[in-house]
**Student:** 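Sharing a structure, written as C-alpha cells. Questions coming.
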Amino acid sequence: MPLIIGCSHGAHLAPKVARLLKQPYSGMRTRIFPDGELYAKFQATVKGKDIILVQSFYGSINDCLMEVIFAAHTARELGAKKITLLAPYFPYLRQDKRFHAGETVSIEAVARLMDEALDEIIIMDPHLHRKDSLSEIFSIKAKKLTANDAIAGFIRKRVHNPAIVGPDWESYKWAQKIGEQIGCEYHILHKKRWSSHQVRIYLKKGVDLRRKSVVIVDDIISSGQTMLETIRQLKASGITDITVICVHGIFAENALERIKKAGAKVYSCNTIPNPAEKIDVSAILAEALSGWK
Ligand code: R5P
C-alpha cells in the first residue's frame, strides 16, 4: 500500500483517508516566498514507495497546480516508484472548448502537465461536459469517482418527501442518478448561459412540485448564479421548501451567503473546505485506493 501525502489543499481529507486505510500519512510543507514563488518539501522518505498526493484545487488554484508538479517531479527524482494524484476537486475542466477565437483551451495545457508529472490521476466528480471520459483528456491512467452515494444517503436521512432537480442537462449525472438511487422523482431543467453572471433557467411545463421538498443538485457551485436563478424560478412557481446540494462548494463571490439569503438550505460535500460542508467523501476516496495495485 502507498504513502498518503496531504498537499497544502488536500490536508483536510488526506489524514482521514490514511486512517481509514490504516496506511502511513505525511504532510507536505509549503510556503510562499515574499516574491510569490512557492516552496515545497516532503516530510517523509519517498524513495521506493508508491505515493498518493492528495490535493484539491481551490483558492490559489495555480499555486496548487505548481505544488503538485513540484512534488511529483521531486518524488520521481528521489526515487518514488509510482506517483498518483488523488484530487477531490480538479480545476479547469469547464475550460474544455474554445468559445471565442484566440482563447486558450486551458484543460489541454493542464492535462499535458499532469501527464508529464504523474503516473495516475483520480478525480472526484470531474466536470465532464463535452467529453465523455477522463481518458479523452489525460493520457495517463485516469479514474473518476462520484460522491453520489454520500449525497443520496444524506438526502435520505435529512429530507422528507424529496423531489430532485438538476438545473441543466449535464447535471443529470448527479440529479438523475441520485433521484434513481433514492427512488424519488427527479427533473432536469434547461439552462442558458451567456456569461459567468448571466444565466437563465427554464422550468418544465406541467410539473407541480409545491407539495415536495425540492432538492437542487449540481456538481459545482461557483458564482452561485445557476442556483440563484433556479431558486428564483422555483419560488416564482410557488415552491417554498428548497435545499441546494453540491459536490464542490467553491462559493466564489459570497455565493453561499447569497444563496442562503435567497431562502434555500445549502449543503456541500467536503471536497473543498467551506462552512456548508456536511457530506463527508473520505470513505469514497479511501475505497478507491483500497485495492491498490
Ligand atoms: C456547469 O454546467 C456546472 O455544472 C455548474 O452548473 C456551474 O459550474 C455552476 O456555476 P455558477 O455557480 O457560477 O453558476
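Everything numeric in this text was worked out from a predicted model, so none of it was measured. Each ligand, and each atom within it, is numbered from 1 in the order the structure gives.
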**Student:** Does the pair Asp219 and Lys173 meet the rule for a side-chain contact (heavy atoms from CB on, under 4.5 Å), with working shown?
**Tutor:** CA-CA 9 Å; Asp219 59 338; Lys173 291 174 201 146; over 6 Å; no
**Student:** Apart from Leu20 itself, what residues make up its hydrophobic cluster, given side-chain heavy atom links below 4.5 Å?
**Tutor:** none
**Student:** Just by modelled atom types, is the Lys235 backbone N or O under 3.5 Å from a matching donor or acceptor in the Arg232 side chain?
**Tutor:** no
**Student:** Pairs in or reaching into residues 1-16: which pass side chain to side chain donor-acceptor pair (under 3.5 Å), with residues at least two apart or in two chains?
**Tutor:** Ser8-Glu67
**Student:** Heavy-atom cut-off of under 4.0 Å around ligand 1: list whichever protein residues fall inside it, by chain and number.
**Tutor:**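 Residues Arg94, His127, Asp168, Glu170, Lys191, Arg193, Asp218, Asp219, Ile220, Ile221, Ser222, Ser223, Gly224, Gln225, Thr226 each place a heavy atom under 4.0 Å from ligand 1, listed by chain and number.
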**Student:** Assert yes or no for the condition that the ring centre distance of Phe154 to Tyr267 is strictly below 6.0 Å.
**Tutor:**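 Yes, they do, as the ring centres are separated by less than 6.0 Å.
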**Student:** Using side-chain contact (heavy atoms from CB on, under 4.5 Å) as the criterion, list what pairs up with Lys131, not counting sequence neighbours.
**Tutor:**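 Expected list: Asp96, Glu108, Leu128, Glu136, Ile137.
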